[in-house]
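Scroll down for the structure; my scribbles are underneath it.
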2 protein chains.
Amino acid sequence: MQNVSATKSEFRPVANRSRVTIADVANDLGVTKSTVSRALNGYPDIAEATRLRISRAAERLGYRPLAHAQAIRTGRVRSLGLVLQIDSEDSARPFLANFIAGVTQAASAENWTVTIATAETATGVRETLLRLVEEHKADGFILPRTMLQDERVAALRARNVPFIMFGRTEDPTGCAWYDIKGEDAMRAATTRLASLGHTRIAHVPGGIEYTYTKLRTQGYREGLQAAGIPFDPDLIGAPSLTQRSGDASTSALLALPEPPTAITFAVDRAALGAYRAAQTRGLRIGEHVSVIAYDGVPEGAYADPGLTTFAVNSRHAGERLASLLIKRIRGTAPEELRELAPATLVERGSDGPPRLTSAELASRLKSQSRI
Amino acid sequence: MQNVSATKSEFRPVANRSRVTIADVANDLGVTKSTVSRALNGYPDIAEATRLRISRAAERLGYRPLAHAQAIRTGRVRSLGLVLQIDSEDSARPFLANFIAGVTQAASAENWTVTIATAETATGVRETLLRLVEEHKADGFILPRTMLQDERVAALRARNVPFIMFGRTEDPTGCAWYDIKGEDAMRAATTRLASLGHTRIAHVPGGIEYTYTKLRTQGYREGLQAAGIPFDPDLIGAPSLTQRSGDASTSALLALPEPPTAITFAVDRAALGAYRAAQTRGLRIGEHVSVIAYDGVPEGAYADPGLTTFAVNSRHAGERLASLLIKRIRGTAPEELRELAPATLVERGSDGPPRLTSAELASRLKSQSRI
DNA sequence: ACCCTTGCCGAAACCGGTTTCGGAAGTTCG
DNA sequence: CGAACTTCCGAAACCGGTTTCGGCAAGGGT
């Protein structure tokens with residue numbers, strides 16, 4: 001026997017607890033491993049009485065199959081993969097906890113687990129994804145925040161690895177997805193503002209590479225059209241995902257010769273920046289400037305006035321994504337796994353009838369900036 | 001052959017791609033599997049030349065060992081477990097993304113993965129933890145937010161499963177940990193306020209069950225003592241973790257006959273509630289009421305004035321926790337795996353010399369409430 | 001020249017399951 | 001009553017690795 005531990009970098013399991021194996025169950029009953037395995041996995045060639053005896057014995061002895069031992073033969077580790085892109089500062093934060101909770105809960109319900117990884121860049125995400133695929137750490141993947149052209153989709157599609165998107169994409173072939181109808185929400189937001197009497201309604205989009213941004217902007221334009229308001233490209237603000245950039249974007253819109261009296265935001269966080277922009281100018285949100293946003297972040301409730309927004313249930317999204325993905329892994333065709341859910345309007349105080357017309361607002365802003 | 005798929009609930013892997021196995025590498029070189037395995041795992045009884053040949057061939061053929069196939073013999077799945085408690089609304093949110101990023105990054109660096117799960121209640125967490133242990137889905141666990149008496153610790157200790165705490169606990173036997181010295185931060189916050197001239201300094205603690213709360217409150221009291229200010233139990237506010245409860249807690253403190261002119265908060269979120277409380281009363285944070293908090297949430301930077309706080313680098317915490325845990329799993333004694341790191345002071349505008357004495361503040365508040 | 005190490009690697013068992021194959025009983029049917 | 005099916009389960013191979021054991025050849029000591 002050679003002394004191995006000197007060079008070998010890793011060693012034996014700390015706890016080599018005598019776990020009950022399938023052989024123990026078999027011995028206890030005087031049957032073979034294969035019978036136990038088939039009984040527990042619901043094969044039809046096992047007598048019902050035997051199946052009962054076996055499952056009771058397994059229960060009694062506290063037998064738990066080892067997922068990775070099964071995996072070696074079945075090729076299935078019973079795990080869902082989730083690779084998150086965590087860039088510098090901003091992004092998906094607020095929902096993350098709930099989203100993960102949803103995913104893991106639905107996975108647990110089927111006795112699956114979730115393998116999570118992160119990367120900072122898009123290519124980093126791709127590499128990580130491929131590493132997990134290579135080592136088969138997960139049987140399928142959830143792809144959050146899909147983009148119009150998504151390299152993750154391409155990579156997984158090419159390798160024939162099951163996946164589901166949280167979001168949509170340009171080329172839907174072979175794609176399963178769950179998504180929130182952000183376009184409907186933005187259309188509703190716009191018509192709502194129009195029926196309150198607004199005619200200068202702006203829109204501040206989110207990150208341009210994402211599919212949802214295109215859809216939400218599209219919804220805004222549909223809303224405009226439905227209300228008979230002509231589209232004015234000047235009223236599309238700078239893309240914003242954070243409070244800070246939302247502030248900047250709003251400020252720019254208010255500096256327009258014909259400033260908007262209402263703004264729809266693709267993202268709550270950006271809308272929260274509008275509060276600051278308004279406050280700086282002595283304007284009150286919901287009176288001088290109406291705002292409707294999208295996401296449903298908790299801070300929106302505590303803003304003053306409360307932010308009217310279309311909330312998405314990200315926990316539920318996580319749950320649906322997990323169970324759809326499990327179905328996908330089990331063989332359901334992707335075309336049958338496409339779900340869209342509405343966002344729900346949370347009416348608070350940030351929208352109301354225009355107190356000033358665009359022209360009045362403009363002159364008020366101009367007089368102020370002279371001070 | 002029987003038709004099985006009718007009853008069996010799950011079936012074959014979707015993609016049975018011909019992956020290259022250790023046998024392929026062995027055949028390619030005319031050696032045996034065992035030689036390849038030992039060469040790749042750094043056993044000393046393999047000639048250096050052979051090792052080189054083998055590792056090059058493995059590289060060339062694109063061989064990646066299957067973690068779960070290794071696990072069946074080694075008992076190690078190369079995965080870290082993380083069970084999060086996601087309660088109703090509030091809690092650990094802001095750091096979560098960075099924290100997870102840190103954990104997964106350090107794990108990836110060693111070619112490990114992270115298995116994540118969530119539960120809503122403490123007992124749910126325990127059950128989930130035990131399920132993961134039973135099925136050996138992870139080789140060890142990271143326990144965030146440890147409490148003075150923590151049932152997770154007890155459960156894992158009893159089963160001899162490696163773990164590391166993010167935080168400390170009452171009985172440290174067999175425990176490894178990484179933690180931020182919140183007590184030092186709160187002491188520094190208090191002495192800082194004292195040296196600015198404050199004498200009525202309050203403290204709003206966090207969740208009482210957590211170890212960190214006890215430590216931070218203790219730090220506050222040490223700071224008081226160092227400044228020669230007697231401790232007044234009235235100045236310990238109601239425990240707060242959210243903006244809303246921070247508002248309430250601050251309001252209660254300001255209603256005191258001798259209100260504090262400065263407040264230390266165990267948690268940023270709660271401190272953000274103080275802004276609201278102050279605004280309602282026509283008070284300005286950093287002038288009439290000074291505030292220093294702890295955590296370093298991004299919103300603090302955008303508050304007006306910016307929140308002075310002791311920031312914790314939760315990403316780095318995640319990294320350290322992951323690498324310490326891996327060491328623990330590899331056999332290092334827990335006593336050698338205990339790290340404490342300081343929080344770093346971020347000076348912004350929420351603290352300053354008292355503009356009013358406590359008595360003046362009280363009378364101003366009283367006159368106001370009459371209106 | 002002989003024995004004893006030592007270095008290096010092959011053969012085979014093993015880990016904990018799943019799956020194939022075939023055969024012994026029991027049933028059905030002509 | 002015998003042949004042909006069914007039903008049900010055992011034996012053994014298999015999955016992709018790791019680890020034990022032993023043996024051969026080269027090297028070293030006397």
Side-chain angles (χ1 to χ4, degrees), chain A residues 1-5 7-13 16-27 29-54 58 63-78 134-136, chain B residues 1-5 7-13 16-27 29-54 58 63-78 134-136:
Chain A
M1 186 148 73
Q2 290 128 353
N3 181 5
V4 158
S5 60
T7 323
K8 199 156 173 298
S9 60
E10 295 167 16
F11 42 91
R12 316 298 151 58
N16 201 354
R17 327 185 51 72
S18 58
R19 50 160 44 250
V20 314
T21 71
I22 198 168
D24 297 330
V25 179
N27 287 336
L29 260 49
V31 298
T32 57
K33 294 196 308 176
S34 62
T35 305
V36 175
S37 173
R38 280 174 303 189
L40 261 26
N41 289 310
Y43 277 64
D45 63 343
I46 297 291
E48 195 49 38
T50 312
R51 186 194 313 288
L52 226 64
R53 269 200 318 146
I54 291 181
Y63 168 67
R64 311 286 304 249
L66 228 43
H68 55 266
Q70 311 189 118
I72 179 184
R73 189 69 219 261
T74 62
R76 295 268 285 300
V77 291
R78 301 173 70 83
E134 294 262 300
E135 302 184 359
H136 204 125
Chain B
M1 186 149 74
Q2 289 127 352
N3 181 7
V4 158
S5 59
T7 323
K8 200 158 172 296
S9 60
E10 294 169 16
F11 41 91
R12 316 298 150 62
N16 201 355
R17 326 183 54 71
S18 57
R19 53 161 40 252
V20 336
T21 70
I22 198 168
D24 296 330
V25 180
N27 286 337
L29 260 48
V31 297
T32 57
K33 293 196 307 177
S34 61
T35 305
V36 175
S37 173
R38 280 174 304 191
L40 261 26
N41 289 309
Y43 276 65
D45 62 343
I46 297 290
E48 195 49 39
T50 311
R51 186 193 314 288
L52 226 65
R53 269 202 318 147
I54 290 181
Y63 167 68
R64 310 287 303 251
L66 228 43
H68 55 266
Q70 310 188 129
I72 179 183
R73 191 71 219 259
T74 62
R76 295 269 283 300
V77 291
R78 301 175 71 85
E134 295 262 300
E135 302 183 0
H136 204 123

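Below, read A as the first sequence line, B as the second, and so on, with proteins coming before strands; counting in each chain starts at 1.
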Sub-3.5 Å pairs of nitrogen or oxygen atoms, protein against nucleotides 11-14 of chain C:
{"unit_1": "C:dA11", "atom_1": "N6", "unit_2": "B:Ser34", "atom_2": "OG", "d": "3.1"}
{"unit_1": "C:dC14", "atom_1": "O2", "unit_2": "B:Arg73", "atom_2": "NH1", "d": "3.3"}

- Task: Return the angle between end axes of the helix from C:dA1-D:dT30 to C:dG30-D:dC1, with five pairs used per end and rounding to 10°.
- Result: 40°
- Task: Grab the CZ-P distance between B:Arg76 and D:dT18 for me, whole Å please.
- Result: 12 Å
- Item | Where A:Ala26 and A:Thr32 come nearest, the two heavy atoms and their spacing | CB-C, 3.7 Å
- Message: Would the distance check show the side chain of B:His136 and the main-chain N or O of B:Gly75 forming a donor-acceptor pair, the cut-off being under 3.5 Å?
- Response: yes
- Considering heavy-atom distances to DNA chain C, does B:Gly30 or B:Ala69 have its closest nucleotide positioned more toward the 5' end? B:Gly30
- Item | A:Ile54 CD1 to D:dG10 C1', straight-line distance once rounded to whole Å | 12 Å
- Which residue lies toward the 5' end of DNA chain C, B:Ile72 or B:Glu48, if each is placed at its nearest nucleotide? B:Glu48
- Task: Answer whether the closest heavy-atom distance between the side chains of B:Arg53 and B:Thr50 falls below 4.5 Å.
- Result: yes
- Message: Between P on D:dT18 and NE2 on B:His68, what's the gap in Å once rounded to a whole number?
- Response: 12 Å
- Task: Round to the nearest Å and state the distance from B:Ile46 atom CD1 to C:dT6 atom C1'.
- Result: 15 Å
- Message: Between A:Gln70 and A:Arg78, does the side-chain contact (heavy atoms from CB on, under 4.5 Å) criterion hold? Intermediate values first, please.
- Response: CA-CA 10 Å; A:Gln70 311 189 118; A:Arg78 301 173 70 83; 4.0 Å; yes
- Between the main-chain N or O of B:Ser34 and the side-chain N or O of B:Arg38, is there a donor-acceptor pair closer than 3.5 Å? yes
- Task: Using whole Å, report how far OH of A:Tyr43 lies from P of D:dT7.
- Result: 18 Å
- Rounded distance (Å) that lies between atom P of C:dC15 and atom CD of B:Gln70: 17 Å
- Query: Okay, side chain of B:Asn27, backbone of B:Asp24: is any donor-acceptor separation there less than 3.5 Å?
  - Reply: no
- Item | Donor/acceptor link under 3.5 angstrom from B:Asp45 side chain onto base of C:dC8 | no
- Query: Looking only at side-chain N and O atoms, does A:Tyr63 come under 4.0 Å of OP1 or OP2 in C:dG16?
  - Reply: no
- Message: Can you measure B:Asp24 atom CG to D:dC15 atom P for me and round it to whole angstrom units?
- Response: 11 Å
- Message: I need the CG-C1' distance between A:Asn27 and C:dG16, as an integer number of Å.
- Response: 13 Å
- Task: Could you check B:Thr35 against B:Ile54 for side-chain contact (heavy atoms from CB on, under 4.5 Å), going step by step and ending with a plain yes or no?
- Result: CA-CA 9 Å; B:Thr35 305; B:Ile54 290 181; 3.8 Å; yes
- Task: Locate the shortest heavy-atom distance separating A:Tyr63 from A:Ile22; write the atom from each residue and the value.
- Result: CE1-N, 3.4 Å
- Under 4.0 Å between any heavy atoms, over every strand shown, what does A:Thr21 touch: base, sugar-phosphate, or nothing? Just pick one. sugar-phosphate
- Message: Quick check for you: to the nearest 0.5 Å, what is the distance between B:Asn41 atom CG and B:Ile46 atom CD1?
- Response: 10.0 Å
- Of the candidate nucleotides C:dC9, D:dC9, C:dT18, which contains the atom at the shortest distance from the side chain of A:Thr50? D:dC9
